[in-house]
Amino acid sequence: QEEQAIEALRQIRNDASEETSNPDMVLGDQQILAQYQELFMQNPDLIGWLTIDGTSIDYPVMWTPEDPEYYSHRGFDKEDSNNGLLFMDELSSVDEFGGNVIIYGHNMKNGTMFGPLMDFQDNDYLKEHSVVTFDTMYRPGTYKIFASFQSKAYDPDSEEFKYYDFINAETAYDFEEYLNNIKNLSLYYDEENAPSFGDEIITLSTCDYYTTDGRFAVLAKRIK
């Protein structure tokens, strides 16, 4: 039933056209893309849509910074849901160019949400499915995966590298330090496609049960 509800949202997005666009629908000072206007009217917590070509990952992304995990166990209609939805980290911003947008989702055994992300631990599979589309409400985006790694959700007082704390780098040195930490963790790292200071990145993160509080993350750089 939950997947049927998501499919209905996909259909609304796919059926939308520029002819039905409402030019008065803005988010901040940006025009909301035509394909997301009706969905945004249904639920203004919608911040974007994430798709990975060749996989079943094709979902709305929600954002509730005042209650970051609100959609971890709720559907688009805000009713209880075991699957939840994909949701953006409270400190991430789709308005800041050059930053890191972190998106979380459950590792569902039924193959929904970020369950298929575990297939990306196979480097050959990753290379064959390396294109990610992340549209914000007002800007389409295409990304190329450059890294994947396993990590943990560390104690806040731990000095271990916490990939989920990185949102933006103030200097090129800080960014290089971040990249070096990613490289040291990586199961896969594409040096040729690695980002530079100022590039836009998305981090897709889910639970990984290889260890207590384990995490698996895939990183991609915006290419257009």
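The chain is numbered in sequence order, starting from 1. Source: prediction; values computed, not measured.
- In this structure, D174 and F166 have side chains that are not in contact, with every pair of non-hydrogen atoms separated by 4.5 Å or more.
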Could you go through D208 and Q150, starting from their C-alpha distance and side-chain angles, then the distance that decides it, and tell me whether this counts as side chain to side chain donor-acceptor pair (under 3.5 Å)? CA-CA 8 Å; D208 186 349; Q150 291 175 312; 2.9 Å; yes

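- Side-chain rings of Y104 and Y164 stay apart, their centers remaining 6.0 Å or farther from each other.
- R74 has no carboxylate O lying under 4.0 Å from a charged side-chain N of D45, or vice versa, which leaves the two without a salt bridge.
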Is there a side chain to side chain donor-acceptor pair (under 3.5 Å) between T203 and N100 once you walk through the steps? CA-CA 7 Å; T203 298; N100 178 28; 3.0 Å; yes

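- Hydrophobic cluster membership differs between F40 and V26, with clusters built from Ile, Leu, Val, Met, Phe, Trp and Tyr side chains linked at under 4.5 angstrom.
- A tilted orientation is assigned to the rings of Y178 and F175, their planes being inclined by 30° to 60°.
- Between F134 and Y143, the ring planes are tilted. Angles from 30° to 60° get that label.
- A salt bridge links E3 and R10; the closest N-O separation between the charged side-chain nitrogens and carboxylate oxygens is under 4.0 Å.
- At a threshold of 4.5 Å between non-hydrogen side-chain atoms, the residues I102 and I167 count as touching.
- Using modelled atom types and a 3.5 Å distance limit, the side chains of D67 and T64 yield no donor-acceptor pair.
- By the rule that hydrophobic residues join a cluster once side-chain heavy atoms approach within less than 4.5 Å of another member, L187 and L126 end up as members of one cluster.
- Across every non-hydrogen atom of L85 and P60, the tightest pair is CD2-CG, 4.2 Å.
- Taken together through direct or relayed side-chain contacts under 4.5 Å among Ile, Leu, Val, Met, Phe, Trp and Tyr, V101 and I223 form parts of separate hydrophobic clusters.
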Is there a side chain to side chain contact (heavy atoms under 4.5 Å, CB included) between F114 and L50? Walk through the geometry before answering. CA-CA 11 Å; F114 273 169; L50 181 79; 3.7 Å; yes

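- Within the structure, ring-ring contact (aromatic ring centres under 6.0 Å, His included) pairs that include any residue of residues 48-76 comprise H73-H106 (at least two apart or interchain).
- Hydrophobic clustering of Ile, Leu, Val, Met, Phe, Trp and Tyr side chains at less than 4.5 Å, counting indirect connections, keeps V131 apart from L204.
- E2 and N83 share a side-chain donor-acceptor pair at under 3.5 Å.
- Checked by atom type, the side-chain pair T112/N110 shows a donor-acceptor distance below 3.5 Å.
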